[in-house]
Number of protein chains: 2
Amino acid sequence: MLSKYLQIYEDLKQKIERKEIPSHTFLPSENELMTLYHSSRDTIRKSLSLLQQNGYIHTSKGKGSLVLDHEKIAFPVAGLTSFKELSHTLPGDVMTIVHCFEKIPVTTYLKKELYMQKGDVYHIERIRDIDGEKIILDIDYINAQVIPHLTKEIVQDSIYEYIENDLGLKVSFAKKEITVIQASDQEKELLDMDGFDLLVCVKSYTYLEDATLFQYTESKHRPDKFRFVEFARRSHMDY
Amino acid sequence: MLSKYLQIYEDLKQKIERKEIPSHTFLPSENELMTLYHSSRDTIRKSLSLLQQNGYIHTSKGKGSLVLDHEKIAFPVAGLTSFKELSHTLPGDVMTIVHCFEKIPVTTYLKKELYMQKGDVYHIERIRDIDGEKIILDIDYINAQVIPHLTKEIVQDSIYEYIENDLGLKVSFAKKEITVIQASDQEKELLDMDGFDLLVCVKSYTYLEDATLFQYTESKHRPDKFRFVEFARRSHMDY
DNA sequence: TAGTGGTCTAGACCACTAC
DNA sequence: TAGTGGTCTAGACCACTAC
């Protein structure tokens with residue numbers, strides 16, 4: 001059961017996406033929304049604040065909440081979304097090849113990345129084939145004490161689905177870093193590099209609800225197929 | 001005069017950054033913070049919500065607000081920050097070369113990017129030299145009706161400073177896109193490419209407080225010198 | 001069971017905008 | 001001047017956590 005302010009957020013979001021409320025117009029005022037949704041101003045403001053954070057509207061004092069044109073944004077890449085979830089929004093045919101699946105004792109390097117002292121780690125390498133081209137190499141290291149009993153079948157499908165549906169845990173937040181690296185000879189063999197020498201590397205450290213770090217990932221993308229979109233607000237305090 | 005909840009946010013943020021409140025410990029509870037800062041729970045919760053959004057803490061029901069280790073994040077690249085502001089946080093010697101500064105009638109291409117029907121546009125190209133290497137090429141197109149009277153001197157220093165301090169306008173939000181592109185021959189001549197063929201291209205559409213689009217930028221970075229960091233939370237509704 | 005954060009309400013005062 | 005969003009308060013009930 002979604003909370004009231006999330007319901008209102010979802011409702012307004014859909015109306016904006018479906019252009020029932022067109023861009024460059026104003027939302028009803030907070031007072032009007034209060035009577036429309038039978039709720040208090042605080043609840044309405046929570047919903048509006050979410051819309052604002054996600055780039056759907058821009059509110060200004062004395063004026064109201066302006067609907068931004070949302071097409072130009074195309075969100076999905078930002079945030080924390082599994083490849084399986086993302087693949088529904090991709091236009092092409094998507095296939096995953098599990099190139100490597102093993103359980104190994106934690107190495108010195110991984111001890112640092114995963115904040116572990118001892119124990120085992122799953123080492124998983126998956127190649128993402130989109131429309132017949134091998135474009136992405138995902139390398140995952142997962143703490144086997146936190147996420148046990150992984151199998152090749154799970155990994156072929158979706159690790160997040162297993163974590164959230166079968167283990168009943170919740171993936172919560174991640175730190176990500178985007179850089180560009182030289183492709184190794186092995187990577188050039190595994191992927192269809194189409195003459196490129198470089199790869200875009202997205203490193204993620206992913207945490208559960210209780211703030212335990214369970215996953216370190218390097219996701220390597222052929223440079224011409226990489227695109228990242230974000231919506232940023234200027235902070236007028238920090239500088 | 002900063003509002004109360006922003007003061008509390010800044011205070012807690014500093015204490016976390018200076019490790020007066022160490023990571024992996026809990027903040028005082030909301031009740032305790034209420035008496036500590038002589039404020040209502042709602043005000044405290046606004047401050048905590050900001051800390052949460054920016055990756056400083058992680059709150060869970062029944063437990064409290066856990067301080068995350070923040071060093072591992074290193075924020076500055078995310079958000080909406082001028083190069084001059086960023087340069088204070090860069091380790092090396094930074095220099096800007098204004099390679100092109102002209103006012104031109106809007107072209108067909110720019111009409112689309114800047115949502116303009118007619119009028120003039122400033123076309124600015126700046127090369128960023130860091131520690132003696134020409135690494136970044138910033139190409140700006142700015143609506144001259146919205147931001148008038150630009151000079152080469154302003155552009156050499158900081159456009160945002162001019163907009164905010166001299167014109168009294170406020171830079172508010174931006175949509176950004178990161179891709180990788182082939183460097184043109186001209187770009188290879190302007191920058192010290194060090195053998196690279198590709199550039200990381202960050203396109204931004206930047207808006208003022210009143211939601212007018214005033215700037216379209218392509219910021220092109222030598223791939224080995226590009227790094228982008230973000231903090232992402234998982235949304236448990238959208239998929 | 002006591003303490004924690006999550007949600008929701010009702011009311012107040014303010015600065016800003018548009019007229 | 002009327003309407004708008006921004007801030008702040010006080011109080012209530014809830015589900016979850018740790019013991």
Side-chain angles (χ1 to χ4, degrees), chain A residues 1-12 21 25-53 56-68 168-170 172-173 208-212 233-237, chain B residues 1-12 21 25-53 56-68 168-170 172-173 208-212 233-237:
Chain A
M1 165 63 185
L2 238 50
S3 56
K4 207 167 171 182
Y5 80 91
L6 284 177
Q7 285 177 40
I8 298 171
Y9 165 72
E10 287 293 332
D11 190 58
L12 290 170
I21 310 178
T25 65
F26 284 88
L27 285 189
S29 75
E30 295 182 354
N31 273 307
E32 289 172 304
L33 290 171
M34 280 167 69
T35 57
L36 270 170
Y37 288 106
H38 305 291
S39 54
S40 72
R41 189 157 164 233
D42 207 58
T43 301
I44 294 296
R45 283 181 62 75
K46 262 190 207 154
S47 316
L48 295 183
S49 153
L50 265 182
L51 288 169
Q52 160 114 350
Q53 271 174 55
Y56 288 92
I57 62 171
H58 178 70
T59 62
S60 3
K61 203 190 293 197
K63 286 167 106 180
S65 299
L66 184 67
V67 178
L68 301 178
L169 300 170
K170 271 193 176 174
S172 182
F173 60 93
L208 294 175
E209 188 92 311
D210 66 355
T212 55
R233 289 190 181 276
R234 181 156 169 83
S235 148
H236 284 281
M237 307 178 303
Chain B
M1 166 63 185
L2 238 50
S3 55
K4 208 168 172 180
Y5 81 90
L6 284 177
Q7 285 177 41
I8 298 171
Y9 165 71
E10 287 293 332
D11 190 58
L12 290 170
I21 309 178
T25 66
F26 284 88
L27 286 188
S29 75
E30 294 181 355
N31 272 308
E32 289 171 304
L33 289 171
M34 281 166 69
T35 58
L36 269 170
Y37 286 107
H38 305 289
S39 54
S40 71
R41 187 154 167 237
D42 206 57
T43 301
I44 294 296
R45 282 181 62 76
K46 262 189 207 157
S47 316
L48 295 183
S49 151
L50 265 180
L51 289 169
Q52 159 115 350
Q53 270 174 55
Y56 287 91
I57 61 170
H58 177 69
T59 61
S60 7
K61 203 187 295 195
K63 286 168 107 180
S65 299
L66 184 67
V67 178
L68 301 178
L169 299 170
K170 272 191 175 175
S172 181
F173 60 94
L208 295 175
E209 187 92 311
D210 66 354
T212 54
R233 288 191 181 277
R234 179 154 169 85
S235 149
H236 284 281
M237 307 176 303

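A, B, ... follow the sequence lines: proteins, then strands. Residue 1 opens every chain.
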Given that Leu27(B) and Ser39(A) both sit by DNA chain C, which one's nearest nucleotide is further toward the 5' end? Leu27(B)

How far apart are the closest heavy atoms of His58(B) and Arg233(B), and which atoms are they? ND1-NH1, 3.3 Å

Candidates dG5(D), dT9(D), dG5(C) - which lies nearest the side chain of Lys61(B): dG5(C)

Atom-pair distance (CZ on Phe26(A); C1' on dT17(C)), nearest Å: 10 Å

Side chain of Asn31(A) (C-beta onward), nearest among dG5(C), dT4(D), dT7(C): dT4(D)

Whole angstroms only, please: what is the NE2-P distance between His58(B) and dG5(C)? 13 Å

Just how far, in rounded Å, is P of dA10(D) from CE of Met34(B)? 7 Å

dC8(D) P sits how many Å from Leu48(B) CG, rounded? 14 Å

On DNA chain C, check which nucleotide each of Gly62(A) and Ser65(B) is closest to and give me the residue with the more 5' one. Ser65(B)

Rounded to whole Å, how long is the line connecting atom CD of Glu209(B) with atom P of dT4(D)? 19 Å

Using only side-chain N and O atoms of Ser29(A), determine if any of them is under 4.0 Å from OP1 or OP2 of dG3(D). no

Please assess Leu6(B) against Leu50(B) for the test side-chain contact (heavy atoms from CB on, under 4.5 Å), listing each intermediate value before the final yes or no. CA-CA 9 Å; Leu6(B) 284 177; Leu50(B) 265 180; 3.6 Å; yes

Does any non-hydrogen side-chain atom of Ile8(B) lie less than 4.5 Å from one of Leu33(B)? no

Minimum-distance nucleotide to Asp42(A) side chain [options: dT4(D), dC8(C), dA12(C)]: dC8(C)

Rounded distance in Å - NZ (Lys46(B)) to P (dT7(C)): 16 Å

Does Ser60(A) make a side-chain N or O approach to OP1 or OP2 of dT17(C) shorter than 4.0 Å? no

Indicate the atoms forming the closest heavy-atom contact of Val67(A) with Ile21(A), along with that distance. CG2-CG2, 3.8 Å

Any strand: nucleotide that pairs with dT17(D) via Watson-Crick or wobble, under 3.5 Å: dA2(C)

Which class fits the ring pair Tyr9(A) and Tyr56(A): parallel under 30°, tilted 30 to 60°, perpendicular over 60°? perpendicular

Shortest non-hydrogen contact from Thr43(B) toward Lys4(B): CG2-CB, 4.3 Å

Under 4.0 Å from OP1 or OP2 of dG5(C): is there any side-chain N or O of Arg45(B) that close? no

Gap between atoms CD and C1', on Glu30(B) and dA10(D) respectively (whole Å): 15 Å

How long is the line joining CG of Asp210(B) and C1' of dT4(D), in whole Å? 16 Å

Counting side-chain heavy atoms from CB outward, which of dT4(D), dA18(C), dT9(C) is closest to Lys63(A)? dA18(C)

Side-chain N or O of Tyr5(A) closer than 4.0 Å to phosphate OP1/OP2 of dT7(C): yes

Could you work out which one of dT9(C), dG6(D), dG5(C) sits closest to the side chain of Ser40(A)? dT9(C)

Closest listed nucleotide, where the reference is the side chain of Lys4(A) and the choices are dG5(C), dC8(D), dC8(C): dC8(C)

Can you find a side chain N or O atom of Thr43(B) that sits less than 4.0 Å from OP1 or OP2 on dT7(D)? no

